[in-house]
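Numbers restart at 1 for each chain; the letters A, B, ... are given by sequence-line order, proteins then strands.
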Protein chains: 2
Amino acid sequence: MTPETITSPSTRDKLVEAAMELFYFQGYEGTSIADILHRAGVNSGSLYYFFRGKEDLLLGVLQKYKELLYQEVIDPAFAKTNDPIERIFALLDNYRHGLQFTHFTGGCPIGNLALELRETHEEARRLIAENFDGWRDAVRKTLDDAAGRFPPHVDREQLATFILTVMEGGVMQARAHGSIEPFDACVRQLRTYFNLLLGDQAPQKERA
Amino acid sequence: MTPETITSPSTRDKLVEAAMELFYFQGYEGTSIADILHRAGVNSGSLYYFFRGKEDLLLGVLQKYKELLYQEVIDPAFAKTNDPIERIFALLDNYRHGLQFTHFTGGCPIGNLALELRETHEEARRLIAENFDGWRDAVRKTLDDAAGRFPPHVDREQLATFILTVMEGGVMQARAHGSIEPFDACVRQLRTYFNLLLGDQAPQKERA
DNA sequence: GTCTATAACTTGATAGAC
DNA sequence: GTCTATCAAGTTATAGAC
C-alpha cells in the first residue's frame with residue numbers, strides 16, 4: 001500500500017518478520033511471545049500496541065506471506081525458464097533447494113501452519129486457504145499458457161491443485177525421512193504424469 | 001507382544017489412548033499434560049511412573065500407531081475390494097470419510113505430527129518416518145499384486161511414495177479450505193494418472 | 001502402582017510512566 | 001510509540017505418603 005522506501009523496518013515489520021521466522025521453524029504453539037520479542041529486539045508494550053495478541057500477530061504473518069508470494073516464490077522460479085511446463089518444475093525445484101538448505105527443517109511455512117492450526121483459529125485458516133489459492137492460481141495461469149499442449153479434457157484448475165499437493169506431500173515426507181529422496185520420487189512421478197498427459201513418449205528427463 | 005485379552009485397558013494404555021486423541025485434534029504442543037491426565041482419568045504420578053515425560057509419551061503414541069496400521073487403516077480399506085488398484089482408491093476413500101466425519105479437523109495424525117515436530121524430537125521423527133514406511137510398503141505390496149498391468153518401466157516403490165503424497169497433500173488442502181473438494185480433485189488426478197499408466201483410455205470413472 | 005501437593009518456571013497479556 | 005514491572009494462570013515435572 002505505502003510506497004516501498006528504503007527506510008529501516010518499522011517496529012511492526014520487525015515483529016512480523018521475527019514471528020514469520022519463528023513460526024516457520026518452531027511452529028505457532030512452539031513459539032512464545034517472549035521468543036518473538038527477543039528476536040525482534042522489541043518490548044512487550046510495543047507488540048500489544050500493534051497487535052491484539054499472538055493470534056492477531058499470526059494474521060499479520062499470514063497476510064505478509066500473501067503479499068510476498070510473487071516476489072519471493074513465483075517470480076524467482078518463473079524467471080528461470082519461459083516454458084510454461086518447465087516453470088512448474090522450476091518452482092518445485094526451488095522448494096527442493098529450500099529443503100536442502102534448511103536441512104529438511106523448513107519446507108512450506110503455509111503447509112506447516114495448515115496442519116497445526118485448528119478450528120479455534122478460524123480467521124487464520126481462511127488466510128491459509130487464501131495463500132494456497134494464490135499459489136494454485138499462479139500455477140494454473142502457467143498451465144493455461146500451455147493450454148494448447150494438453151488434451152481438451154484436462155481440468156487445469158484441478159491439475160494445479162494436484163501440483164500443490166505433490167509439493168506439500170513431498171515436503172512432508174522429505175522432512176520425516178530427513179532426506180530429499182521422497183520429494184524427488186514425487187517430482188519424478190509428476191513428470192511421468194505430465195509426459196503421459198502431453199503425449200510425450202520420450203524417456204523421462206532427469207531434472208530433480 | 002502380550003496376548004490381547006479382553007481386560008479393561010491398563011493405566012498405561014489409557015494414557016497412550018488419551019494422548020493419541022488429543023495430539024490428533026490439538027497437536028503435540030497444543031496439548032498439555034493436564035489435558036491428557038484429565039481425559040485419561042489418571043493422576044500425574046502414574047504418568048511419570050510409566051513415562052519419562054511428555055516426549056516419551058509421544059513415542060508411545062507413535063509406536064501404537066505403527067502397531068495399529070493394518071488393523072485400523074489397511075485391512076478395513078483392502079477388505080472392500082480384491083482389485084489391487086481399487087484397493088488404493090478404497091484406502092484414499094477412507095481418508096475422505098475421516099475428513100468429512102471430523103468436519104475437516106482430522107486428516108492424518110502422522111502427517112500432522114510430521115510437520116509439527118522438529119529436529120528437537122529426533123526419535124519421534126524417526127518413528128514418524130517408520131509409520132510412513134509402513135503405509136507406503138502396504139501400498140507398494142498391492143501395487144506389486146498388479147505388477148503385470150503396469151508398463152515395465154514403472155517404479156512401484158516410487159509410485160507408492162507418490163500415493164502417500166497425494167493423500168497427505170489432499171488432506172492438507174481439504175483442511176485448509178474446510179471442504180472436501182481439493183481432496184477429490186487430487187484423487188481424480190491420481191485416477192487419471194493410473195488410467196494413463198495402465199493404458200486404459202476409457203473415460204475417467206466417477207469415484208471420489 | 002497410585003495418590004496429593006507443590007516446586008520451579010514459562011505463558012500471554014496488561015498497567016501506567018515516559 | 002516505547003519502556004519496565006508485574007500479574008494471574010498455566011506449564012512440566014517431582015516428592016513422598018500410601
Side-chain angles (χ1 to χ4, degrees), chain A residues 1-2 5 7-62 64 113 116-124, chain B residues 1-2 5 7-62 64 113 116-124:
Chain A
M1 301 300 173
T2 53
T5 50
T7 61
S8 62
S10 70
T11 298
R12 189 185 186 283
D13 287 345
K14 278 192 240 173
L15 286 164
V16 170
E17 275 171 46
M20 202 164 359
E21 291 191 40
L22 289 169
F23 291 165
Y24 187 28
F25 288 111
Q26 306 177 180
Y28 176 75
E29 296 283 355
T31 300
S32 72
I33 301 266
D35 286 340
I36 295 165
L37 294 173
H38 179 257
R39 170 171 271 254
V42 163
N43 296 299
S44 168
S46 295
L47 190 152
Y48 289 96
Y49 175 78
F50 290 108
F51 300 96
R52 279 167 299 173
K54 188 181 179 185
E55 183 157 358
D56 195 37
L57 178 53
L58 170 66
L59 301 183
V61 166
L62 288 168
K64 188 77 175 173
L113 292 169
E116 181 179 356
L117 302 171
R118 324 274 149 166
E119 61 285 3
T120 49
H121 302 267
E122 182 51 37
E123 207 170 346
Chain B
M1 302 299 176
T2 53
T5 50
T7 62
S8 63
S10 71
T11 298
R12 190 186 184 283
D13 288 345
K14 277 192 241 173
L15 286 163
V16 170
E17 275 171 46
M20 203 163 0
E21 290 190 43
L22 289 168
F23 291 164
Y24 186 30
F25 289 111
Q26 305 178 180
Y28 176 74
E29 297 284 355
T31 300
S32 73
I33 301 266
D35 286 340
I36 295 166
L37 294 173
H38 180 257
R39 170 172 272 252
V42 163
N43 296 300
S44 168
S46 294
L47 190 152
Y48 289 96
Y49 176 78
F50 290 107
F51 300 96
R52 277 168 300 173
K54 189 181 177 183
E55 183 158 358
D56 194 38
L57 177 54
L58 170 66
L59 301 183
V61 166
L62 289 168
K64 188 75 175 174
L113 292 169
E116 180 178 358
L117 302 171
R118 323 274 150 165
E119 61 287 0
T120 49
H121 302 267
E122 183 51 38
E123 207 170 347

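- Between the B/Glu116 side chain and the B/Tyr28 main chain, a donor and an acceptor come within less than 3.5 Å of each other.
- The CD atom of A/Gln26 sits 10.5 Å away from the CD atom of A/Glu21 when rounded to the nearest 0.5 Å.
- Separation of atoms CG (B/Leu47) and OG1 (B/Thr11) is listed at 10.5 Å; rounding is to 0.5 Å.
- OP1 or OP2 of D/dG10 has not a single side-chain nitrogen or oxygen of B/Ser32 nearer than 4.0 Å.
- Summarising the geometry of B/Phe51 relative to B/Arg12, their closest heavy-atom pair is CE2-NH2, 3.6 Å, with the distance given to 0.1 Å.
- Of the residues in residues 42-56 of chain B, those placing a heavy atom less than 4.0 Å from an atom of DNA chain D are B/Ser44, B/Tyr48, B/Gly53, B/Lys54, in numerical order.
- The nucleotide range of DNA chain C contacted by chain A, defined by atoms under 4.0 angstrom from heavy atoms of the protein and reported 5' to 3', is C/dT11 to C/dT14.
- Across all strands, B/Ser10 comes closer than 4.0 Å to no nucleic acid atom at all (heavy-atom distances).
- Across all their heavy atoms, A/Ile36 and A/Ala18 have their closest contact at O-CB, 3.9 Å.
- Here the closest heavy-atom approach between residue A/Leu117 and residue A/Leu58 is recorded as CD1-CD2, 3.7 Å.
- Atoms CD (A/Glu29) and P (D/dG10) sit 15 Å apart, rounded to a whole Å.
- Between the A/Lys64 side chain and the A/Asp13 main chain, no donor and acceptor come within less than 3.5 Å of each other.
- The nearest pair of heavy atoms linking B/Thr120 to B/Glu55 is O-OE2, 3.7 Å.
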